[in-house]
Amino acid sequence: MRVFPRLRGMTQPRTIEDLRSEIDQINRDLLKLLSQRAAVVAQIGHAKTQEGRPNHYDPAREEQQLRELEALNPGPFTGATVKSLFKEIFKASLALEESNDKKQLLVSRKVKKEDTVLDIDGVRIGGDAPPIIIAGPCSIESEEQMEQTAEYLAGKGVKILRGGAYKPRTSPYGFQGMGVDGLILGSRVARANKMLFVTEVMDTRDVEVVAEYADMLQVGARNMHNFALLREVGRARRPVLLKRGLSATIEEWLYAAEYILSEGNNEVILCERGIRTFEKWTRNTLDLSAVALAKQETHLPVIVDVTHAAGRRDLLIPLAKAALAVGADGIHIEVHPSPATALSDNEQQLDFAGYDRFDEALKPMMKVPAGV
Ligand SMILES: C=C(O[C@@H]1C=C(C(=O)O)C=C[C@H]1O)C(=O)O
């Protein structure tokens with residue numbers, strides 16, 4: 001090899017390969033230190049949970065560390081760079097603490113691996129059960145309306161009748177529902193047709209009376225954040241259909257379910273019903289990823305309310321097919337003998353001929369067990 005005269009007697013510069021292998025070693029050391037740090041963070045997180053501290057984020061502690069690190073910084077990185085690198089480490093550490101915490105959630109598959117399968121008087125929901133249909137009018141309006149609907153739906157093999165007796169209307173002057181008379185009517189008609197009856201409860205004071213008449217309690221989208229109501233239905237010995245809030249994140253929805261389970265009621269069905277977005281051509285935007293995620297992250301049955309997700313009749317069939325394709329355990333759909341004269345939601349309820357078409361279109365997907 002040719003030796004340059006000016007290098008004679010000097011140490012040879014190290015090759016890029018040599019330097020890179022030194023970097024590789026430093027990376028291994030850093031990784032070891034980061035993992036050691038993470039193990040200590042996990043212990044701090046555990047201690048915080050034991051102390052009952054719900055918020056693991058501690059900005060003062062982070063600030064103190066950043067100040068010390070900036071003062072100790074030997075360079076060549078600037079103080080700002082060192083701070084932003086460490087902030088990333090803090091962020092990842094906090095996420096680790098919180099994800100460890102989540103493992104303890106009762107709704108989580110990490111706590112219960114196998115699917116929760118509800119069996120309500122022989123009607124199975126979730127797990128390997130075939131998809132179920134929950135159908136009926138938006139509001140319970142009259143004997144004739146309920147009898148016609150229940151008889152028709154029972155003839156179609158629908159096992160769960162819905163109908164609102166207490167209606168959460170946007171305007172206080174809108175039809176507010178028939179109240180207890182509606183409960184009595186709904187439960188009588190359902191029983192006469194060998195169906196289960198599900199209806200919404202809006203007020204903690206009504207949980208007892210609704211549970212007396214209904215086989216399943218619905219917590220509506222507008223009440224998903226009503227923590228007192230969630231606790232109360234958690235104490236009721238009835239399965240709960242929990243709708244996702246209008247603008248609730250998946251995490252908020254699952255925490256709402258956790259409120260119910262934490263009171264001892266494990267029979268919760270999650271119901272995705274579309275979320276508020278900028279889109280105007282549909283009433284809400286059906287969040288199919290929420291369905292797939294809820295199935296993956298929780299052991300609870302998940303169903304999809306296509307009526308509210310779409311807010312228009314012409315999308316019900318494709319949305320229901322899509323819901324089942326991503327693993328939904330059932331479909332919730334509003335059916336009314338005469339939607340045009342319904343006291344609420346007349347744009348989106350199906351009449352019987354419409355339901356005939358829906359039933360026909362969905363039939364091939366209804367026999368196989370839910371889940372993908
Ligand atoms: C580990 C802790 O929890 C969080 C993570 C921190 C970290 O990674 O150093 C610091 C403060 C908290 O936001 C702690 O409180 O010490």
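Atoms within a ligand are numbered from 1 in the order they appear, just like the ligands themselves. Heads up: numbering here begins at 1 and tracks the sequence.
When each atom of ligand 1 is checked for a heavy atom of Gln65 under 4.0 Å away, the hits are 7 (C), 9 (O), 10 (C). Taking a cut-off of under 4.0 Å to the non-hydrogen atoms of Phe90, the atoms of ligand 1 that pass are 7 (C), 8 (O), 9 (O). Atoms of ligand 1 found under 4.0 Å from any heavy atom of Leu94 (numbered from 1 in listed order, with element): 4 (C), 13 (O). Of all atoms in ligand 1, listed by their number and element, those nearer than 4.0 Å to a heavy atom of Tyr57 are 13 (O). Below 4.0 Å from some heavy atom of Ser93 lie the following atoms of ligand 1, by number and element: 8 (O).
Centroid-to-centroid, the aromatic rings of Tyr355 and Phe352 stay 6.0 Å apart or farther.
Remark: Asp305 does not engage Arg244 in a salt bridge, criterion side-chain N to carboxylate O under 4.0 Å.
When the options Val240, Val210, Leu241, Asn226 are evaluated for a side chain to side chain contact (heavy atoms under 4.5 Å, CB included) with Val233, the one that passes is Val240.
When the heavy atoms of Arg37, Arg61, Lys48, His56 are ranked by distance to atom 15 (O) of ligand 1, first place goes to Lys48. Closest heavy-atom approach to atom 12 (C) of ligand 1 among the candidates Leu96, Ile89, Asp58, Ile44: Asp58.
Heavy-atom contacts from other residues, nucleotides or ligands closer than 6.0 Å to CD of Glu252 number more than 12.
Considering only non-hydrogen protein atoms, atom 11 (C) of ligand 1 sits nearest to Glu62 CG, 3.5 Å. From the protein, the heavy atom lying nearest to atom 5 (C) of ligand 1 is Glu97 OE2, 3.8 Å.
For Arg238, there are no salt bridge (charged side-chain N to carboxylate O under 4.0 Å, His left out) partners two or more places apart in sequence or in a different chain. Residues passing the salt bridge (charged side-chain N to carboxylate O under 4.0 Å, His left out) test with Arg169, sequence neighbours excluded: none.
Of the possible donor and acceptor atoms, none in the side chain of Glu147 sits under 3.5 Å from a partner among the backbone N and O of Gln145.
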